[in-house]
Amino acid sequence: MADTAGKVITCRAAVAWEAKKPLVIEQVEVEPPRAHEVRIKIVATGVCHTDAYTLGGLDPEGVFPVVLGHEGGGIVESVGEGVTRVQPGDAVIPLYIPQCGECKFCLSPKTNLCQKIRVTQGQGLMPDGTSRFSCRGQRLFHFMGTSTFSEFTVVADVSVAKVSPAAPLDRVCLLGCGVATGYGAALNTAKVEPGSTCAVFGLGAVGLAAIMGCQAAGASRIIGVDINPGKFEAARTFGATEFLNPKDHAKPVEQVLVEMTDGGVDYSFECIGNVGIMRSALEATHKGWGVSVIIGVAAAGQEMATKPFMLVLGRTWKGTAFGGWKSVESVPRLVDDYLAKKLKVDEFVTHTLPFAEINQAFDLMHEGKSIRTVLKL
Ligand SMILES: NC(=O)C1=CN([C@@H]2O[C@H](COP(=O)(O)OP(=O)(O)OC[C@H]3O[C@@H](n4cnc5c(N)ncnc54)[C@H](OP(=O)(O)O)[C@@H]3O)[C@@H](O)[C@H]2O)C=CC1
Ligand SMILES: N[C@@H](CCC(=O)N[C@@H](CSC=O)C(=O)NCC(=O)O)C(=O)O
Ligand SMILES: [Zn+2]
Ligand SMILES: [Zn+2]
């Protein structure tokens, strides 16, 4: 039992005091976990585009001041009453989509979207409607039920996956979001078939992981699409066979893809969060059977459009959150697959920085210079 159990911990966290402002490293107080809660010492965290999206004021659920971060790995410090899933000392990955195992979503094989704590999570609060974070007397909101931009965080017990103690947390933290999401989008949501032709729009961590999933599924052509040609070399290492920079063509990108593939791709993936590209990705798929999967998160108020006939003629438009993985049971398996070298993760980490340099991680992302930056706490 840690000697901090049952006590308030004072530690560093990166606080987003308001939208569109840099994060500030502050001393914060983290309360002990209450019933069915787990306090975690965060060891490492990735920075995902969704953190930038919410910090940028684009998230309809965004509330401030908040402790962002949802791609972390850590060690359980203490647990609240009634917690049976994990114990102090366990290596864990916090989960922004929990798996309670009891709600109708968990009981359905058709979805991974456990709704047990969704309402309070969206309000930036723990399931009992309160926060465990404060700073200089002011309450801080939680984010996505995880808040990994803090040396210690508190999450619901349904929101942790216990993973192999052999796993390097500064790598497998990426299985808490980006890598798992893209990989699962290809395998679970699209269910890419051997010999398929695929197009992946947006070659950040999510898009590269989608490419990795398409390759694992046996796709024969995987076309990486990005306006930043600096991403193409990385895409090749994950399995892309061809590249397309929309800026190199006078025609719309969907038309270029239709011509390249004798009528369109079998599967496409939007990994940007741009509603115009969502349309292009759908319209680049083949009449009769094309499937387009939306992964990118578009800004509040944005809407998509296409001609209804695109769907009448046999195309399917789908979306995915966390790659369709039922989180508690799947994340430990993904970690084991990584340890068995069946799944790439190290290759996504282009930068590793000390926690105090967190704003640089956001800059690298916005400048298109990083795939993933991992922060060590
Ligand atoms: N559904 C889910 O469960 C999840 C969704 N997401 C969402 O997925 C998206 C991708 O996340 P992530 O990989 O972290 O993001 P990144 O910012 O790392 O990657 C996005 C990539 O898209 C490129 N891009 C931007 N605009 C265009 C365009 N018009 N055409 C082609 N390429 C373009 C960017 O280029 P450049 O380098 O120039 O910026 C970059 O390479 C985000 O919207 C994120 O919020 C993330 C995780 C889970
Ligand atoms: N408003 C959400 C956060 C933004 C969001 O849309 N999250 C995606 C996953 S993006 C990960 O990087 C999502 O699908 N979440 C599941 C959900 O039920 O919203 C929030 O505050 O959680
Ligand atoms: Zn994410
Ligand atoms: Zn559930």
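In listed order, ligands and their atoms are each counted from 1. Positions are given from 1, in the same order as the sequence printed here.
- Looking at I277 against ligand 1, only its side chain comes within 4.0 Å, counting heavy atoms.
- For atom 38 (O) of ligand 1, the closest non-hydrogen atom of the protein is N228 CB, 3.6 Å.
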### Message
Evaluate I40 against V92 for side chain to side chain contact (heavy atoms under 4.5 Å, CB included), listing each step before the verdict.
### Response
CA-CA 8 Å; I40 301 167; V92 292; 3.9 Å; yes
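- Checked against salt bridge (Lys or Arg N to Asp or Glu O under 4.0 Å), K376 has the following partners two or more places apart in sequence or in another chain: D170.
- Considering backbone and side-chain N/O atoms, I295 comes within less than 3.5 Å of an N/O atom of ligand 1.
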### Message
As a quick check of understanding, evaluate side chain to side chain contact (heavy atoms under 4.5 Å, CB included) for T261 and I223, giving each step before the final call.
### Response
CA-CA 10 Å; T261 58; I223 305 165; 3.8 Å; yes
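- Contact annotation: for D226 versus ligand 1, heavy atoms closer than 4.0 Å belong to both the backbone and the side chain.
- The pair R118-E61 meets the salt-bridge criterion, since a charged nitrogen lies less than 4.0 angstrom from a carboxylate oxygen.
- At least one N or O atom of T50, backbone or side chain, sits closer than 3.5 Å to an N or O atom of ligand 1.
- Protein heavy atom closest to atom 22 (O) of ligand 2, with residue, atom name and distance, is M144 CG, 3.4 Å.
- Contact between R372 and ligand 1 is present, with at least one heavy atom of the residue lying under 4.0 Å from the ligand.
- The protein heavy atom nearest to atom 8 (C) of ligand 2 is V297 CG2, 4.3 Å.
- Residue-level proximity to ligand 2 for H70 is carried by the side chain, the only part with a heavy atom below 4.0 angstrom.
- Interface atoms of ligand 1 facing G296, defined by a heavy-atom separation under 4.0 Å, are 7 (C), 8 (O), 9 (C), 43 (O).
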### Query
What do the steps show when you test W325 against V331 for side chain to side chain contact (heavy atoms under 4.5 Å, CB included), and what is the final call?
CA-CA 8 Å; W325 299 108; V331 169; 5.7 Å; no
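- Among all protein heavy atoms, the one lying closest to atom 25 (C) of ligand 1 is I272 CG2, 3.7 Å.
- Counting heavy atoms under 4.0 Å from ligand 2, residue Y96 touches it through the side chain alone.
- Close approach of ligand 1 to F322 (heavy-atom distance below 4.0 Å) involves ligand atoms 2 (C), 3 (O).
- Near C177, meaning under 4.0 Å from one of its heavy atoms, ligand 2 places the atoms 11 (C), 12 (O).
- Using a 30° and 60° split on the angle between ring planes, H366 and F362 fall in the tilted class, from 30° to 60°.
- Close approach of ligand 1 to T181 is summarised as follows: ligand atoms under 4.0 Å from at least one heavy atom of the residue are 2 (C), 3 (O), 4 (C), 48 (C).
- Interface atoms of ligand 2 facing C48, defined by a heavy-atom separation under 4.0 Å, are 12 (O).
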### Task
May I have the step-by-step check of side chain to side chain contact (heavy atoms under 4.5 Å, CB included) for V28 and C11, ending in yes or no?
CA-CA 6 Å; V28 302; C11 66; 4.1 Å; yes
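- Distances from ligand 1 to the non-hydrogen atoms of W325 include no value under 4.0 Å.
- Of the heavy atoms in Y96, only side-chain atoms (C-beta onward) come closer than 4.0 Å to ligand 1.
- V328 and V158 get closest at one heavy-atom pair: CG2-O, 3.7 Å.
- Given atom 22 (O) of ligand 1, the protein heavy atom at minimum distance is G202 CA, 3.4 Å.
- Some N or O of K231 is nearer than 3.5 Å to an N or O of ligand 1, by distance alone.
- Heavy-atom proximity to A321, at under 4.0 Å, picks out these atoms of ligand 2: 14 (O).
- Nearest to atom 3 (C) of ligand 2 among the protein's heavy atoms is D59 OD2, 3.6 Å.
- In terms of heavy atoms, R315 sits closest to M310 at NH1-O, 3.1 Å.
- Ligand 1 has no N or O atom lying under 3.5 Å from any N or O atom of C177, backbone or side chain.
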### Task
Take S370 and T350, measure what side chain to side chain donor-acceptor pair (under 3.5 Å) needs, and give me the verdict at the end.
CA-CA 6 Å; S370 59; T350 52; 4.8 Å; no
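- Within ligand 2, the atoms closer than 4.0 Å to a non-hydrogen atom of R118 are 17 (C), 18 (O), 19 (O), numbered from 1 in the order shown.
- Within the listing of ligand 1, atoms 11 (O), 12 (P), 13 (O), 46 (C), 47 (C) sit less than 4.0 angstrom from a heavy atom of V206.
- Assignment of P246 to the shell around ligand 1 is not supported, since no heavy atom sits closer than 4.0 Å.
- Side-chain contact between L377 and V43: absent, with no pair of heavy atoms (C-beta onward) separated by less than 4.5 Å.
- Under a 4.0 Å criterion applied to the non-hydrogen atoms of G368, ligand 1 contributes the atoms 37 (O).
- Residues K326 and E329 are not paired through a salt bridge, judged by the lack of any N-O separation under 4.0 Å between the basic side chain and the carboxylate.
- The side-chain hydrogen bond (donor to acceptor under 3.5 Å, both in side chains) test with H70 singles out one residue from T146, D51, T148, and that residue is D51.
- Side-chain polar atoms of T130 and R34 form a donor-acceptor pair below 3.5 angstrom.
- Geometry note: the Zn ion (ligand 3) is the vertex, C48 SG and C177 SG are the arms, and the angle is 130° (rounded to 10 degrees).
- Among protein heavy atoms, the minimum distance from atom 10 (S) of ligand 2 is reached at T50 OG1, 3.3 Å.
- Ligand 1 is approached by A205 to a heavy-atom distance shorter than 4.0 Å.
- Partner R12 forms a salt bridge (Lys or Arg N to Asp or Glu O under 4.0 Å) with one of E29, E26, E151 and no other, that one being E151.
- The protein non-hydrogen atom at the shortest distance from atom 19 (O) of ligand 1 is G204 CA, 3.2 Å.
- Ligand 2 has a nitrogen or oxygen under 3.5 angstrom from a nitrogen or oxygen of E61.
- Taking a cut-off of under 4.0 Å to the non-hydrogen atoms of C271, the atoms of ligand 1 that pass are 9 (C), 10 (C), 20 (C).
- The protein atom (non-hydrogen) at minimum distance from atom 16 (P) of ligand 1 is H49 ND1, 3.6 Å.
- Using a 4.0 Å heavy-atom cutoff, F201 is absent from the residues neighbouring ligand 1.
- Heavy-atom minimum distance, A235 versus L203: CB-CD1, 4.0 Å.
- Although no hydrogens or angles enter the test, the distance criterion places a donor-acceptor pair under 3.5 Å between the side chain of Q115 and the main chain of L113.
- Closest of all the heavy-atom pairs between M126 and V154 is SD-O, 3.6 Å.
- Put simply, H70 gets within reach of the Zn ion (ligand 3), with an N, O or S atom under 2.8 Å from it.
- At distances below 3.5 Å, at least one donor-acceptor pair connects side-chain atoms of Q121 with backbone N or O atoms of Y96.
- When atom types are taken as modelled, the side chain of D90 and the backbone of K162 share no donor-acceptor pair closer than 3.5 angstrom.
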